[in-house]
Each structure stands twice: as structure tokens, then as C-alpha cells.
S.K.: 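Before we start, here is the structure in question, set down as C-alpha cells.
Atoms within a ligand are numbered from 1 in the order they appear, just like the ligands themselves. This chain uses plain numbering: 1 for the first residue, then up along the sequence.
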Amino acid sequence: MKIHGHPHRSIEADHPRRIARIVDQTFLPHQVAWRELETMEDAAEAIQVMRVRGAPLIGATAAFGLFFALRDAASDAALQHAYETLHSTRPTAINLRWALDRVRRVVLPLAVEKRADAAWNEALGICEEDVQTNHAIGKHALELFKAIQAKKADPTAPLNVMTHCNAGWIACVDWGTAISPIYQAHDAGLNVHVWVSETRPRGQGASLTAWELREHGVPHTLIVDNNAGHLLQRGLVDLVIVGADRVTAQGDVANKIGTYLKALAAKAHDVPFYVALPVSTIDWTITDGIRDIPIEQRSSREVTHMPGLNAEGLREEVLITPAGTQARNDGFDVTPAALVTALITEHGVFEANAAALAKLK
Ligand code: MRU
């Protein structure tokens with residue numbers, strides 16, 4: 001997508017130097033800061049402190065991380081050490097394991113001296129596929145958008161789409177998952193408006209989705225997360241679309257904390273609740289998402305403090321609670337399949353149940 005009118009991806013390969021460059025998302029939306037990743041440790045740190053975040057981009061970054069490790073030492077032991085280090089960065093997004101398994105599967109049978117090149121090519125392949133996959137997801141979802149628009153009492157009125165967290169191009173390599181159809185709808189001249197939920201505590205909606213949509217010129221309105229139920233109740237939302245970090249074989253969906261509440265409210269008011277995801281986000285090894293999906297516990301400081309720009313335009317973090325307040329910070333929640341209207345993948349639209357998903361496997 002574009003930054004200040006110039007096409008970019010969230011992670012870009014520098015072929016001559018064989019390094020990767022990322023948009024450091026901890027500086028957004030106030031500054032576009034590019035950062036070079038040159039070592040496995042750089043990649044692991046970027047995932048852990050969320051310079052890169054979003055399931056597909058976490059996977060792509062980890063793939064480059066394995067390349068860096070194999071460039072420096074390509075023995076089985078070195079590969080296993082790098083795999084474990086990268087895999088331990090964050091627990092919920094399954095794309096991390098998917099990408100690490102994919103690169104390891106390719107390089108393990110190879111002679112040690114061939115492994116780094118193969119890992120580099122696999123990381124590039126994961127990036128290229130991500131772009132194609134997300135564009136395809138957008139195309140399938142766009143048909144659903146158009147069908148809902150056509151059924152509106154006034155089809156010329158804006159199609160009001162609600163989203164949660166950031167599942168845009170900055171969470172992937174390009175296009176995004178849940179945001180891809182919004183770009184395609186806007187570019188196709190559909191009158192689309194987005195309710196952007198701020199997504200406490202880290203504000204992925206307020207700082208990243210609002211930034212992306214502004215850069216692309218898509219009409220949007222920021223809301224606090226707690227405003228969502230009220231808008232759904234008042235008929236001001238035509239559909240909800242979110243991304244996913246892990247989807248089980250029966251269609252249970254893990255996504256950013258707060259997604260489950262939106263699914264409950266959407267169901268209560270009969271508003272379609274869609275989940276957009278690449279097939280790489282399906283964990284075929286588990287069925288019961290509420291029981292088996294690991295939920296990341298992040299620092300309570302993310303809840304008790306808020307970052308932003310102060311009056312001098314400098315980044316600052318402020319305490320918003322009484323000092324010493326105890327806080328809990330679950331990073332994700334699980335929406336049971338029964339609350340999901342449909343799963344939108346690169347291969348089309350599927351019901352969120354085991355029988356439908358089995359066709360995808
Ligand atoms: O903690 P984050 O910012 O990595 O959480 C991201 C999300 O929950 C996204 O919705 C999900 O990863 C899909 S990104 C296409």
C-alpha cells in the first residue's frame with residue numbers, strides 16, 4: 001500500500017545486502033520509522049516488542065529471522081536454537097509456527113551450505129504469497145460487501161463497516177486481511193465508511209487502522225471500544241469484519257482482546273460478523289479454541305500507561321491509573337464458531353464449522 005503516496009510493504013527485502021527493512025510500528029502513527037533487521041535476534045526482538053505485529057507479518061518476519069540464523073551458522077543445532085528462540089516470542093498467532101515449520105521443512109533435508117539460500121528464498125516466497133493471498137481475500141469479501149450494500153434501503157448510503165484491532169497491510173506484508181476488501185471497495189467506488197475501534201490497551205485501531213485508512217483516503221470514524229454495542233444496537237453498522245490470529249479446525253477464532261464482545265453484540269443485533277484470514281492462520285491440530293488456544297499475557301503497564309505525543313510534539317508515556325494499580329492484560333480472546341457468520345479466505349467464503357473447513361484442508 002502507500003505511505004505518503006509511495007508504494008511500500010510493511011517488510012521489504014534488501015537483496016544486495018540480504019537484510020530486511022520494516023516499518024517500526026511502535027513509532028506509528030506519528031512517525032514512519034524504517035528499521036533494518038540483520039540478525040535472528042533483531043527479528044525476535046522486533047516481534048516481541050511489537051515493532052512488527054499482526055499474525056501474517058509475524059510469520060514473515062520469523063522466516064527472515066531463520067535466514068539470518070542460518071547465514072551465520074547452519075547446523076541442525078543452530079537451526080533448532082533459532083527456531084525455539086523465534087517461536088517463543090509470542091504464543092497466540094499460529095502464523096509464527098506455520099512460517100518457522102515451513103522454512104525448517106525446506107532447509108532440513110539440504111546440505112548445510114545450501115540452507116541459508118533456501119531460507120532466504122522461502123522468506124521471499126512467504127512475502128509474495130501473502131500479497132496474493134490478501135488480495136484474493138479482499139476480492140471474495142468485496143462480493144459480500146456489495147450484496148449487503150444492494151440490500152440496504154438506500155443503496156447509495158454509506159456501507160458502515162466496523163472493525164477491531166488492525167488487520168490491514170501493516171499487519172501483513174501488503175493489502176491486509178479484514179481491511180483488504182475495504183480498500184478494494186473504496187477503489188471500486190463503493191460508498192464505504194469504517195467504524196474504527198480504538199482497541200485498548202495498545203490502540204492498534206486508533207494508531208494503525210486510522211493511519212492506514214487516512215493514507216488511503218477511506219472515510220472512517222474512530223470509536224472507543226465500548227461504543228461498539230451502542231452503534232450495533234442503533235442499526236448504524238451493516239457488517240463487522242475482523243482478522244484472526246488462530247482459527248481452529250471447528251472454526252473458533254482467536255483475535256485481539258475485545259473481538260468476542262463485538263461478536264456477541266453483532267449476534268444480538270443480527271449484524272453479520274465476518275472473519276478474514278489466510279489458510280495459514282488455521283491450526284488444524286486443535287478443535288476447541290476456548291480450551292486449547294494459548295492466550296498471550298502481556299505487561300500490565302500496557303493497561304496502566306498510555307503513549308502519545310505531548311504538547312511539544314514529543315512521544316511520551318503517561319500513567320492513567322493511581323500508582324501501583326494492579327492490572328490484567330489478556331492480549332487475545334476466542335470467539336466461538338457459532339458467533340461467526342463466515343470465514344473469508346483466499347480460497348473463498350466458508351461456514352465456521354468442521355465440515356466446511358475440512359474442504360479447505
Ligand atoms: O497483538 P497484535 O497487534 O499482533 O494483534 C493483531 C491482531 O489481533 C490481528 O487482528 C490479527 O493478527 C490479524 S492481522 C491480519
Side-chain angles (χ1 to χ4, degrees), residues 1 9-11 22-26 28 46-62 89-99 126 129-131 133-138 141 162-183 196-209 211-212 225 240-247 253-263 273-283 289 293-299 302-303 329-335 340 343-346:
M1 299 313 271
R9 292 178 173 185
S10 60
I11 186 165
I22 57 163
V23 177
D24 185 338
Q25 300 184 33
T26 61
L28 289 174
I47 296 170
Q48 198 136 43
V49 305
M50 296 178 69
R51 300 186 195 285
V52 292
R53 28 79 40 213
L57 181 55
I58 290 171
T61 306
T89 50
R90 296 187 70 193
T92 306
I94 193 64
N95 293 68
L96 175 57
R97 190 179 79 203
W98 171 85
I126 288 172
E129 283 169 35
D130 176 273
V131 178
T133 292
N134 296 333
H135 188 264
I137 290 172
M162 180 178 281
T163 194
H164 186 70
C165 194
N166 170 261
W169 72 269
I170 203 73
C172 304
V173 176
D174 211 344
W175 283 102
T177 55
I179 309 292
S180 177
I182 292 170
Y183 289 133
V196 176
S197 200
E198 67 170 335
T199 315
R200 280 274 293 156
R202 287 185 69 103
Q204 285 90 332
S207 63
L208 303 176
T209 303
W211 173 76
E212 279 197 32
D225 299 328
V240 181
I241 188 165
V242 299
D245 287 271
R246 190 183 302 214
V247 173
V253 174
N255 195 45
K256 184 50 55 185
I257 196 82
T259 303
Y260 175 45
L261 288 177
K262 284 188 171 64
F273 182 86
Y274 296 115
V275 177
L277 70 147
V279 171
S280 56
T281 300
I282 301 177
D283 183 348
I293 295 180
I295 299 295
E296 184 178 18
Q297 297 298 316
R298 294 193 61 87
S299 160
E302 292 182 353
V303 178
N329 188 8
D330 294 275
F332 301 89
D333 58 25
V334 176
T335 297
V340 178
L343 300 167
I344 308 167
T345 77
E346 65 268 37

S.K.: Tell me: protein heavy atom nearest atom 13 (C) of ligand 1, and distance?
M.R.: Ala244 O, 3.4 Å
S.K.: Can you list the ligand 1 atoms lying under 4.0 Å from a non-hydrogen atom of Phe332?
M.R.: 1 (O), 5 (O), 8 (O)
S.K.: Any side-chain to backbone donor/acceptor pair from Ser197 onto His164? Under 3.5 Å, distance only.
M.R.: no
S.K.: If you measure from CD1 on Ile293 to CD1 on Ile94, what distance do you get to the nearest 0.5 Å?
M.R.: 9.0 Å
S.K.: Please write down residue, atom name and distance for the protein heavy atom closest to atom 9 (C) of ligand 1.
M.R.: Asn255 OD1, 3.4 Å
S.K.: Students should be able to answer this: which protein heavy-atom is nearest to atom 5 (O) of ligand 1, and at what distance?
M.R.: Lys256 CE, 3.2 Å
S.K.: To the nearest 0.5 Å, tell me how far Asp245 CG sits from Arg90 CZ.
M.R.: 7.5 Å
S.K.: Look at atom 15 (C) of ligand 1 and say which protein heavy atom is nearest, naming residue and atom and giving the distance to 0.1 Å.
M.R.: Thr177 OG1, 3.2 Å
S.K.: If you round to the nearest 0.5 Å, how far is CD of Glu296 from NZ of Lys256?
M.R.: 6.5 Å
S.K.: Determine whether the side chain, the backbone, both or neither of Pro56 has a heavy atom under 4.0 Å from any heavy atom of ligand 1.
M.R.: side chain
S.K.: Quick one: are Thr177 and Leu277 in side-chain contact, heavy atoms under 4.5 Å?
M.R.: no
S.K.: Where on Glu296 is there a heavy atom closer than 4.0 Å to ligand 1, on the side chain, on the backbone, on both, or on neither?
M.R.: neither
S.K.: Quick one: does any side-chain atom of His135 pair with a main-chain N or O of Glu346 as donor and acceptor, under 3.5 Å?
M.R.: no
S.K.: Heavy-atom contact check, 4.0 Å cutoff: does Met50 meet ligand 1?
M.R.: yes
S.K.: Working to the nearest 0.5 Å, report the span between CG of Asn134 and CH2 of Trp169.
M.R.: 12.5 Å
S.K.: If you count the atoms of ligand 1 from 1 in the order shown, which ones are under 4.0 Å from a heavy atom of Arg90?
M.R.: 1 (O), 2 (P), 4 (O)
S.K.: Tell me which protein heavy atom sits closest to atom 11 (C) of ligand 1, plus the residue, atom name and distance to 0.1 Å.
M.R.: Asp245 OD2, 3.2 Å
S.K.: If you look at every heavy atom in Ala55 and Ala244, which pair is closest and at what distance?
M.R.: CB-O, 3.8 Å
S.K.: With heavy-atom distances below 4.0 Å as the criterion, list the atoms of ligand 1 near Ala167.
M.R.: 14 (S), 15 (C)
S.K.: Near Gln204, which atoms of ligand 1 are under 4.0 Å from a heavy atom of that residue?
M.R.: 1 (O), 2 (P), 3 (O)
S.K.: Check each atom of ligand 1 against the heavy atoms of Cys172 and keep those under 4.0 Å away; list them by number with element.
M.R.: 15 (C)
S.K.: May I ask you to list the atoms of ligand 1 that are less than 4.0 angstrom from any heavy atom of Ala55?
M.R.: 12 (O), 14 (S)
S.K.: For atom 6 (C) of ligand 1, what is the nearest protein heavy atom, given as residue, atom name and distance?
M.R.: Arg53 NH2, 3.5 Å
S.K.: May I ask whether Arg202 places a heavy atom under 4.0 Å from ligand 1?
M.R.: no
S.K.: For Ala171, counting its heavy atoms only, list the atoms of ligand 1 lying under 4.0 Å from any of them.
M.R.: 14 (S)
S.K.: Run through Gln25, Gln204, Arg53 and flag the one making a side chain to side chain donor-acceptor pair (under 3.5 Å) with Asn166.
M.R.: Arg53
S.K.: Please list, in number order, the atoms of ligand 1 under 4.0 Å from a heavy atom of Cys165.
M.R.: 5 (O), 6 (C), 7 (C), 8 (O)
S.K.: For residues Val23 and Arg9, report the shortest heavy-atom separation together with the two atoms involved.
M.R.: CG2-O, 4.3 Å
S.K.: Indicate yes or no: does Asp283 engage Arg97 in a salt bridge with an N to O separation below 4.0 Å.
M.R.: yes
